[in-house]
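Nothing fancy with the numbering, it's 1 onward along the sequence. In what follows, every heavy atom counts, from backbone to side chain, and hydrogens, waters and symmetry copies are set aside.
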Amino acid sequence: MIFESHAHYDDEAFDSDRSELLSQCQNQGIEYIVNVSASLGSVKSTLALAEEYPFIYAAVGIHPDEVGELNEENFAWLKEQCRHPKTVAAGEIGLDYYWDKENHETQKYWFRRQMDLAKELELPIIVHSREACADTLEEIKKAHTPKLKGVIHCFSYAPETAREYLEMGYYIGVGGVVTFKNAKKLKEVVKMLPPERILLETDCPYLAPVPNRGKRNSSLNLPYVAEAVAELKGMETEEVIRITNENARKLYFQGREL
Ligand SMILES: [Zn+2]
């Protein structure tokens with residue numbers, strides 16, 4: 001059974017067939033889904049999904065592109081949503097210098113605040129980092145405590161950077177990009193990653209793997225990702241699915257009773 005560690009099923013791309021698709025996921029080997037929020041609005045829609053579907057859990061956080069909407073008042077509200085019984089992570093949070101929608105200091109400020117929140121509430125973090133390799137690593141190192149755990153989602157940096165995160169106890173999120181022919185760097189990373197530190201993710205509706213590249217993505221495509229990882233690691237696909245499921249349970253459920 002597959003653990004989908006990062007999806008956006010509240011996205012409007014799923015408006016026409018969301019409930020059919022989610023029941024299909026459940027019938028086709030997707031055991032759990034963590035739906036990840038990115039804005040204040042998507043925190044609400046993510047929690048609504050988690051309340052409606054027993055197999056969906058929520059990550060609550062504000063994406064670096066959206067931190068401009070944060071203030072003390074709604075940050076207090078955000079904290080309350082982190083206490084929801086189905087919230088299993090703070091995310092997605094981080095730095096994005098590719099879209100560069102907010103200035104770097106603003107992004108860093110709210111990244112720190114959300115990491116502090118995660119520490120206080122003992123939630124793992126889901127980190128989004130795009131073209132912000134050095135600054136993300138620096139912020140995470142500064143915030144690091146042995147208790148703060150997390151995943152670097154849709155990892156796009158070099159093996160040396162992955163090694164630094166592994167040393168701090170982080171997991172690495174691997175999605176559809178690993179099936180792309182030109183994804184040499186990510187394939188190198190996957191080769192060096194210990195299997196017990198990999199999480200499978202789609203980031204759907206984005207980043208569909210080959211052979212569905214360019215189409216709307218969904219968790220139904222995760223077997224292609226597991227297959228690509230298995231090939232790079234010289235493992236059986238089933239073993240990759242089993243180990244990554246265990247990894248995600250460890251990180252998100254932290255041994256608690258569901
Ligand atoms: Zn995402």
Side-chain angles (χ1 to χ4, degrees), residues 3-8 32-40 42-43 46-47 50 57-67 70 75 77-97 102 104 106-130 132-157 161-162 164-175 193 196-201 203 244 247-256:
F3 197 124
E4 157 73 282
S5 70
H6 192 121
H8 301 281
Y32 293 112
I33 293 172
V34 171
N35 203 78
V36 181
S37 60
S39 62
L40 292 166
S42 74
V43 168
T46 289
L47 285 171
Y57 286 79
V60 167
I62 307 300
H63 187 286
D65 289 347
E66 309 292 338
V67 291
L70 281 172
F75 193 73
W77 175 84
L78 191 74
K79 184 173 178 179
E80 283 317 302
Q81 311 318 304
C82 285
R83 296 185 198 275
H84 188 287
K86 292 207 75 179
T87 301
V88 294
E92 54 190 289
I93 62 176
L95 302 174
D96 192 318
Y97 296 171
E102 300 295 336
H104 297 184
T106 307
Q107 292 192 36
K108 284 182 196 171
Y109 176 78
W110 289 110
F111 185 26
R112 288 175 199 141
R113 290 289 302 273
Q114 294 187 88
M115 283 196 281
D116 287 343
L117 190 63
K119 283 195 235 179
E120 187 188 333
L121 301 178
E122 298 185 355
L123 288 171
I125 57 176
I126 297 175
V127 177
H128 169 103
S129 177
R130 193 160 180 203
C133 183
D135 282 6
T136 309
L137 189 58
E138 188 186 325
E139 292 301 326
I140 291 183
K141 276 186 176 168
K142 278 197 279 188
H144 184 64
T145 70
K147 273 185 104 178
L148 182 63
K149 298 273 185 298
V151 54
I152 314 301
H153 121 81
C154 197
F155 191 82
S156 59
Y157 301 129
T161 308
E164 301 228 38
Y165 284 116
L166 292 175
E167 274 169 28
M168 287 189 283
Y170 279 80
Y171 292 81
I172 303 294
V174 178
L193 287 178
E196 61 276 9
R197 292 297 190 81
I198 299 173
L199 299 189
L200 297 184
E201 64 170 47
D203 203 19
T244 53
N247 300 342
R249 284 170 188 253
K250 235 182 248 169
L251 180 67
Y252 289 135
F253 297 157
Q254 303 180 63
R256 65 173 145 158

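The closest side-chain heavy-atom distance from R113 to I62 is not below 4.5 Å. Side-chain contact check for F111 versus P64: every heavy-atom pair is 4.5 Å or farther apart. Side-chain contact check for D203 versus H8: some heavy-atom pair is nearer than 4.5 Å. Residues M115 and I93 form a side-chain contact, since some pair of their non-hydrogen atoms from C-beta on lies under 4.5 Å apart. Looking at heavy atoms from C-beta onward, V127 lies out of side-chain contact with Y165 at the 4.5 angstrom threshold. I126 is listed as a side-chain neighbour of E92, based on a closest heavy-atom distance under 4.5 Å. Taking the side chain as every heavy atom from C-beta outward, S5 and V151 never approach each other to under 4.5 Å. Looking only at side-chain heavy atoms (C-beta outward), L40 and W77 come within less than 4.5 Å of each other.
In plain terms, the two heavy atoms of Y157 and C133 that are nearest each other are OH-N, 3.3 Å. Contact detail for L123 and A89: the closest heavy-atom pair is CD2-N, 4.0 Å. A248 and L199 get closest at one heavy-atom pair: N-CD2, 3.5 Å. Residues S39 and E66 share a closest heavy-atom pair of CB-CG, 4.1 Å. Shown here for N247 and Y171, the closest heavy-atom pair between the two residues is CB-CE2, 3.7 Å. For the pair K149 and G169, the tightest heavy-atom approach, listed with the atom from each and the gap, is CD-O, 4.1 Å.
Contacts of E80 classified as salt bridge (charged side-chain N to carboxylate O under 4.0 Å, His left out), with partners at least two apart in sequence or in another chain: R83. Every residue two or more places apart in sequence or in another chain that forms a salt bridge (charged side-chain N to carboxylate O under 4.0 Å, His left out) with K108 is listed here: E105, D135.
Within the model, atoms CG of L193 and CD1 of I172 stand 6.0 Å from one another, a figure rounded to the nearest 0.5 Å. Here the straight-line distance linking atom CD of E167 with atom CD of E164 works out to 6.5 Å at 0.5 Å rounding. Between the CG atom in L47 and the CD atom in Q81 there is a gap of 6.0 Å [rounded to 0.5 Å]. To the nearest 0.5 Å, atoms CD (E122) and CG (L117) are separated by 12.0 Å. Atoms CG and OG1, from L137 and T161 in turn, are 6.5 Å apart once rounded to the nearest 0.5 Å. Interatomic distance, CG of D116 versus CD of Q114, reported as 10.0 Å (0.5 Å rounding).
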- Task: Apply the test salt bridge (charged side-chain N to carboxylate O under 4.0 Å, His left out) to residues K142 and E139: give CA-CA distance (whole Å), side-chain angles for both, the deciding distance (0.1 Å), then the verdict.
- Result: CA-CA 5 Å; K142 278 197 279 188; E139 292 301 326; 3.6 Å; yes

- Task: Begin with the C-alpha distance, continue with both residues' side-chain angles, and end with the deciding distance and a verdict on side-chain contact (heavy atoms from CB on, under 4.5 Å) for V60 and H84.
- Result: CA-CA 9 Å; V60 167; H84 188 287; over 6 Å; no

- Message: Determine whether H128 and C154 satisfy the following criterion, side-chain contact (heavy atoms from CB on, under 4.5 Å), listing intermediate values before the conclusion.
- Response: CA-CA 7 Å; H128 169 103; C154 197; over 6 Å; no

- Query: After noting the C-alpha distance and the side-chain angles of K250 and E196, does the key distance pass the salt bridge (charged side-chain N to carboxylate O under 4.0 Å, His left out) rule?
  - Reply: CA-CA 10 Å; K250 235 182 248 169; E196 61 276 9; over 6 Å; no

- Message: Please determine whether side-chain contact (heavy atoms from CB on, under 4.5 Å) holds for the pair I152 and I140, giving the CA-CA distance in whole Å, both sets of side-chain angles, and the decisive distance to 0.1 Å.
- Response: CA-CA 11 Å; I152 314 301; I140 291 183; 4.0 Å; yes

- For Q107 and L95, run side-chain contact (heavy atoms from CB on, under 4.5 Å): C-alpha distance rounded to whole Å, both residues' side-chain angles, the deciding distance at 0.1 Å, then the answer. CA-CA 6 Å; Q107 292 192 36; L95 302 174; 3.6 Å; yes

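Relative ring orientation between Y170 and H144 is described as tilted, the plane-to-plane angle lying within the 30° to 60° band. Note: F75 and W110 have tilted aromatic rings, judged against thresholds of 30 and 60 degrees for the angle between ring planes.
Here the side chain of K79 pairs no donor or acceptor atom with the backbone of L121 at under 3.5 angstrom. N35 places no side-chain N or O within 3.5 Å of a backbone atom of T46 that could act as its donor or acceptor partner. S37 places a side-chain N or O within 3.5 Å of a backbone atom of G61 that can act as its donor or acceptor partner. Within the 3.5 Å criterion, the main-chain N or O of A59 finds no donor-acceptor partner in the side chain of T87.
For Y32 and F253, the distance between ring centers is under 6.0 angstrom.
Looking at S129 and T136, their side chains do bring a donor and an acceptor atom within 3.5 Å of each other.
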